[in-house]
**Student:** 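Here it is, the structure in full.
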Amino acid sequence: MKDVKLDILPLNEWMDVDIRPLIISGPCSAENKEQVLSTAKLLASTGIVNVFRAGMWKPRTRPDTFEGVGEEGLAWMKQVRDDTGMRTCVEVATPRHIEAAIEYGIDILWIGARTTVNPFSVQEIAEALKGYDIAVMVKNPVNPDLSLWLGALERINSAGIKKLVAIHRGFNAYDSAPYRNAPIWEIPIELMRLCSGLPVICDPSHITGNAMLLKGIAQQALDLDMDGLMIESHINPKTALSDKEQQITPKELEKLVASLVIRSNSSTNDEFRNKLEELRFEIDKIDAELIKQLSNRMQVIDRIGHYKKENNVTILQIKRWNNIVKESIELGEKLGLSREFLLKLLRMLHEESIRKQTEIFNK
Ligand code: PEP
Ligand code: MN
């Protein structure tokens, strides 16, 4: 992947509240003035919510569902800001949405997963943002495509937006159970590696789709050193007009956040640091050994490839592959490795072996 250069401000330079994690909460959708104001009042009284969210324009899968109250709700957000002091954020998908949100003094805009997938929409949004000093959060695209997510961040950043945040909300996957959207943590981790300094927060509501599963995902996000959480909260989730299964009351949000363990990403304890150093040294040695062995394996693959080609034998022999899987999993499980991990690893090895032999066959 080509280098990523983003010109961004650290969170604490534009969020005067220097709290970790950053907590964003509020209903999936603004439904009516009373629902917005009462939810906001309770969330503010917890003292842990930095930013109040609510969707005005809802990107719904089916047209016969609640599609949001539109611009009318922006006035309620303005009142939330005036009454509670919480910052406000809304989802925008078109230049008109941006214009309206800015007119009502919304502090932060977010780009939804269904918009991030479309570079035309993202570019249009980027053009509309030119000249404004507003914060923008970019959700990952619905499909597990890191480049698309990066591309959206780059487009918005190129429009001069330096208050930029990425939101991990999970991905549409063939098998996402038990979640609504598979977390596929490798993707946000790779984003964090490529864009050091980019604030990344997690949206456990849209990952889980289920209030009971929020805590596990929220804790994992914090343990992966993410900067904050966006969790949907509704005054009365049972009556919510969208995403009712995943919303929790402000009181439940308060309890959930209080139950999370907040860990630091470094330690000043010398004994801890020395011990960690020692263990990491061991890991580095093992990794180097693994890589040498992988290279040895590939050299044998190379010989097999030539040999099969000379003898006009197919690359894949499904029985042999089946045996490798069976035997390696048996051995690996005996040695304490998980079946899921072994399968993933073996598939990767096999894929590369096939690629290499195909190259030889096509020469
Ligand atoms: C939302 O935040 O309510 C929303 C529509 O999210 P997403 O874009 O992640 O589906
Ligand atoms: Mn929602």
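Please read these numbers as outputs of a predicted model, since none were measured by experiment. Whatever order the structure lists ligands and atoms in, that order sets their numbers, starting from 1.
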**Student:** Just to confirm my output: which protein heavy-atom neighbour is closest to atom 6 (O) of ligand 1, and how far is it?
**Tutor:**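 Answer for atom 6 (O) of ligand 1: K139 NZ, 2.9 Å.
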**Student:** Determine whether a donor-acceptor pair (N or O, by modelled atom type, separation under 3.5 Å) exists between the side chain of K163 and the backbone of I8.
**Tutor:**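 No.
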**Student:** What I want to find out is whether K356 reaches E359 closely enough, with some N-O distance under 4.0 Å, to be called a salt bridge.
**Tutor:**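 Looking at E359 together with K356, the answer is no, because their closest N to O distance does not fall below 4.0 Å.
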**Student:** Which atoms of ligand 1 sit under 4.0 Å from any heavy atom of G112?
**Tutor:**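 Those qualifying, in numeric order: 8 (O).
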**Student:** Look at K285 together with E282 and state whether they make a salt bridge at an N to O cut-off of under 4.0 Å.
**Tutor:**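 Salt bridge: no.
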**Student:** Would G55 count as a contact of ligand 1 if the rule is a heavy atom under 4.0 Å away?
**Tutor:**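 Not so, G55 does not reach ligand 1.
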**Student:** Hey, does A113 come in under 3.5 Å of ligand 1, counting only N/O atoms on both sides?
**Tutor:**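 Checking ligand 1 against A113, an N or O pair does fall under 3.5 Å apart.
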**Student:** By atom name, which N, O or S atom belonging to D243 lies closest to the Mn ion (ligand 2)?
**Tutor:**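 In D243, the N, O or S atom with the shortest distance to the Mn ion (ligand 2) is OD2.
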**Student:** Under 3.5 Å, is there a donor on one side chain and an acceptor on the other for S353 and R297?
**Tutor:**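 There is such a pair (donor and acceptor under 3.5 Å, judged by atom type) between the side chains of S353 and R297.
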**Student:** Counting only N and O atoms by type, is there a donor-acceptor contact under 3.5 Å from the side chain of N50 to the main-chain atoms of L22?
**Tutor:**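 Checking the backbone N and O of L22 against the side chain of N50, no donor-acceptor pair under 3.5 Å is found.
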**Student:** Do D203 and ligand 1 have an N or O pair less than 3.5 Å apart?
**Tutor:**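 In this structure, D203 places no N or O atom under 3.5 Å from an N or O of ligand 1.
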**Student:** Report the relative orientation of the aromatic rings in W149 and F171; use parallel for angles under 30°, tilted for 30 to 60°, perpendicular for over 60°.
**Tutor:**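 The rings of W149 and F171 stand perpendicular, inter-plane angle above 60°.
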**Student:** Out of R169, Q246, E91, R53, who is nearest to atom 2 (O) of ligand 1 when you count heavy atoms only?
**Tutor:**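 Residue with the shortest heavy-atom distance to the ligand atom: R53.
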**Student:** Going by the atom numbers of ligand 1, which of them fall below 4.0 Å from some non-hydrogen atom of E232?
**Tutor:**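 In order of number, 1 (C), 3 (O).
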**Student:** Salt-bridged, E252 to K255, with N to O below 4.0 Å?
**Tutor:**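 No.
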**Student:** Under 3.5 Å, N or O to N or O, is D243 touching ligand 1 that way?
**Tutor:**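 Between D243 and ligand 1 (N or O atoms, distance only) the closest approach is not under 3.5 Å.
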**Student:** Work out the angle at the Mn ion (ligand 2) between NE2 of H206 and OE2 of E232, rounded to 10°.
**Tutor:**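 About 90° at the Mn ion (ligand 2).
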**Student:** Under 4.0 Å from a heavy atom of K58: which atoms of ligand 1 are those, numbered in the order shown and with their elements?
**Tutor:**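 Those qualifying, in numeric order: 1 (C), 3 (O), 5 (C).
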**Student:** Measure the distance from atom 4 (C) of ligand 1 to every protein heavy atom, then report the residue, atom name and distance (to 0.1 Å) of the closest one.
**Tutor:**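 Protein heavy atom with the smallest distance to atom 4 (C) of ligand 1: H206 NE2, 3.5 Å.
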**Student:** Taking NZ, NE, NH1 and NH2 as the nitrogens, is one of them in E330 or K326 under 4.0 Å from a carboxylate oxygen of the other?
**Tutor:**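 The answer is no: the pair does not qualify as a salt bridge.
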**Student:** Side chain or backbone of M230 under 4.0 Å from ligand 1, or both, or neither, by non-hydrogen atoms?
**Tutor:**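 Within the 4.0 Å criterion, M230 makes no contact with ligand 1.
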**Student:** When you check the side-chain N and O atoms of H206 and E232, is any donor under 3.5 Å from an acceptor?
**Tutor:**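 Yes, because at least one side-chain N or O of H206 sits under 3.5 Å from a partner of the opposite role on E232.
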**Student:** Show me which atoms of ligand 1 lie under 4.0 Å from any heavy atom of C28.
**Tutor:**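 What qualifies from ligand 1 is 3 (O).
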